[in-house]
Amino acid sequence: MNYKEALDYIHSVNWTFCKPGLERITALCAALGNPQEGMRFVHVAGTNGKGSFCAMTAAILKSAGYQVGLFTSPYIKTFNERIMINGEMIDEQELADLTAFVRPVADAMADKPTEFELITAIALLYFRRHNCDVVVLEAGMGGRLDSTNVIRNPLLSVITGIALDHTAFLGDTVEKIAAEKAGIIKDARPVLYGGEDAAARAVIADTAEKRGSAFHEVDYTALTVTRADLSGAVFDFGAYKDVKLNLLGTYQPRNAAVVLTAVDILRDAGLDISESAVREGLATVVWRGRFELLADNPPIIFDGAHNAQGITAAVDGIRHYFGSQKVYVMTGVLQDKDYHAIARTLATVAGCAFVLTPDNPRALAGEDYARLLESFGVPSTAYPSAGVAYAAALDASRADNTPLICLGSLYTYASL
């Protein structure tokens, strides 16, 4: 099997009618020798911020000298980004070899695994093969029934925050979604909650108490941002002073506060993480597509915000970096998001919008979204694809010397 054949096989799996549950991934891993057993994990769930948390934590652990696996989704440009060790993507041929190893086992199962379950199993085999000291494992959606929840006894379970998203799958209230995310909490293993929603906190804290798990929170009153511009941020957090963070976005120092709280818990769990490793990791971390500066003069920024909470955070960043100046926005949205709230929020900073129809069966037609933005006072034009929309937005941004902010699903990034 070559790389293309591996990806064709992985993507050929139809998960739409599969019953949610851990039975398939448990059976698949058992048939593969339970590669997850004996490895140490930081298991991460949450509505927003979990990818940034994973990237920062992995960078710090790498700086501390550990062999660090990182499993995230979705990918930005290349599928292999989902499975990394010490910042390096899985090799194409090794991905093909592992897929060829897994395929006959998966195909022999009466209840065949989903695409995400296949990818999870391949990642676990890869991390086992390369003797990872710690694996930072991001849940795909939810937590309780997510395939990553096949692991047991993580060093730490992290729930970065809770907001209404994926309501068709996870529930239509914050409490229901929190209960699904809290499903990653294991007996007598610490849990860290990085959100501030009181209702979600109550659910997560209650789950932790029932499982005999130490419940930790982030003291955001200890966070002071002393500088935040397009070169990064500098902040204080508790005993940490003048910490440099390589990531843009006004929300990233708060994500870093969750990471630093997690570092203290991981130290208690036996990991040797020096302050210099913390500083080096945060100063050098790279996380594509999250308020990423693609170009200067004028600034071109991409942010993967695609739900109401994420857009609010992105708009806060736009106001911080550009003040009252209106920016150009390239955007598309899915029908199952609160796109009225998203459009209303974007209208406060957008001088005009270049609208696309996302390459997704759940996409809202660009023409419909453009009309909605127009109703909020934003001149908008719909384009047939992300590439065409980006080309038009880029030309206008450069001609008018106006910042361009590209927003939407991370899959859009690949088209730029």
Side-chain angles (χ1 to χ4, degrees), residues 47-49 161 163-165 167 228 230 248-252 254 289-295 298-360 362-413 415-416:
T47 306
N48 290 312
L164 289 173
D165 200 15
T167 54
L230 292 180
L248 302 187
T250 52
Y251 51 85
Q252 291 295 12
R254 294 179 68 81
R290 282 75 170 183
F291 226 90
E292 180 186 357
L293 185 66
L294 303 179
I300 312 296
I301 290 170
F302 184 93
D303 189 73
H306 61 283
N307 55 36
Q309 186 187 52
I311 293 291
T312 297
V315 166
D316 286 345
I318 292 168
R319 288 200 184 100
H320 174 83
Y321 295 117
F322 303 113
S324 60
Q325 179 184 11
K326 293 286 188 177
V327 300
Y328 291 169
V329 173
M330 187 190 88
T331 181
V333 73
L334 302 183
Q335 294 183 61
D336 56 3
K337 306 302 179 184
D338 188 355
Y339 53 84
H340 282 88
I342 290 172
R344 188 180 302 111
T345 302
L346 281 181
T348 63
V349 296
C352 70
F354 302 79
V355 185
L356 59 100
T357 303
D359 184 15
N360 188 299
R362 308 195 319 272
L364 179 69
E367 293 80 3
D368 294 338
Y369 193 36
R371 280 192 292 271
L372 178 61
L373 287 163
E374 289 269 4
S375 74
F376 287 108
V378 181
S380 303
T381 304
Y383 293 87
S385 70
V388 175
Y390 183 61
L394 199 59
D395 286 345
S397 171
R398 288 171 174 166
D400 301 336
N401 195 33
T402 300
L404 170 62
I405 315 298
C406 306
L407 298 166
S409 167
L410 294 174
Y411 290 119
T412 303
Y413 188 102
S415 303
L416 305 187

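Because the structure is predicted, anything quoted here is derived from the model rather than measured.
Considering only residues two or more places apart in sequence or on other chains, Arg319 meets the salt bridge (Lys or Arg N to Asp or Glu O under 4.0 Å) condition with Asp316. Every side chain to side chain donor-acceptor pair (under 3.5 Å) that Arg371 has, sequence neighbours left out, goes to Asp368. Every side chain to side chain donor-acceptor pair (under 3.5 Å) that Tyr328 has, sequence neighbours left out, goes to Asp400. Applying the ring pair (Phe, Tyr, Trp, His ring centres under 6.0 Å) rule to Tyr321 yields the partners Phe291; only residues at least two apart in sequence or on another chain are considered. By the side chain to side chain donor-acceptor pair (under 3.5 Å) test, Tyr251 pairs with Asp303, sequence neighbours left out. Considering only residues two or more places apart in sequence or on other chains, Arg398 meets the salt bridge (Lys or Arg N to Asp or Glu O under 4.0 Å) condition with none of them.
Rounded to the nearest 0.5 Å, atoms OH (Tyr339) and CD1 (Ile311) are 15.0 Å apart. Rounded to the nearest 0.5 Å, atoms CG (Leu248) and CG (Leu293) are 6.0 Å apart. Here CG of Leu346 is found 10.5 Å from CD1 of Ile405. Values are rounded to the nearest 0.5 Å. With rounding to the nearest 0.5 angstrom, the CG atom of Leu356 is 5.0 Å from the CE atom of Met330. To the nearest 0.5 angstrom, Thr357 atom OG1 is 7.5 Å from Leu364 atom CG. The CD atom of Glu367 sits 11.0 Å away from the OG1 atom of Thr381 when rounded to the nearest 0.5 Å.
For the pair Thr402 and Gln325, the tightest heavy-atom approach, listed with the atom from each and the gap, is CA-NE2, 4.4 Å. Of all heavy-atom pairs spanning Val333 and Lys337, the tightest one is CG2-CB, 4.2 Å. Annotation for Ala350 and Val329: closest pair CB-CG2, 3.8 Å, computed over non-hydrogen atoms. Here the shortest heavy-atom pairing between Ser380 and Ala370 reads CB-O, 3.7 Å. Taking both residues in full, the closest heavy atoms of Gly332 and Pro358 are given as C-CG, 3.9 Å, listed atom of the first, atom of the second, then distance. Taking all atoms of both residues into account, the shortest heavy-atom contact from Thr348 to Lys326 is O-NZ, 3.1 Å.
No donor-acceptor pair closer than 3.5 Å links the side chain of Glu292 to the backbone N or O of Phe302. His320 places a side-chain N or O within donor-acceptor distance of the main-chain N or O of Ala228, the cut-off being under 3.5 Å. Without hydrogens or angle criteria, Ser397 side chain to Leu394 main chain gives no donor-acceptor distance under 3.5 Å.
Between Thr47 and Asn307 there is a side-chain heavy-atom pair separated by less than 4.5 Å. Proximity of Leu230 to Ile301: side-chain heavy atoms (C-beta onward) are separated by under 4.5 Å at one or more points.
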Could you go through Thr331 and Leu373, starting from their C-alpha distance and side-chain angles, then the distance that decides it, and tell me whether this counts as side chain to side chain contact (heavy atoms under 4.5 Å, CB included)?
CA-CA 10 Å; Thr331 181; Leu373 287 163; 4.1 Å; yes
Step by step, would you call Asp395 with Phe354 a side chain to side chain contact (heavy atoms under 4.5 Å, CB included)?
CA-CA 11 Å; Asp395 286 345; Phe354 302 79; over 6 Å; no
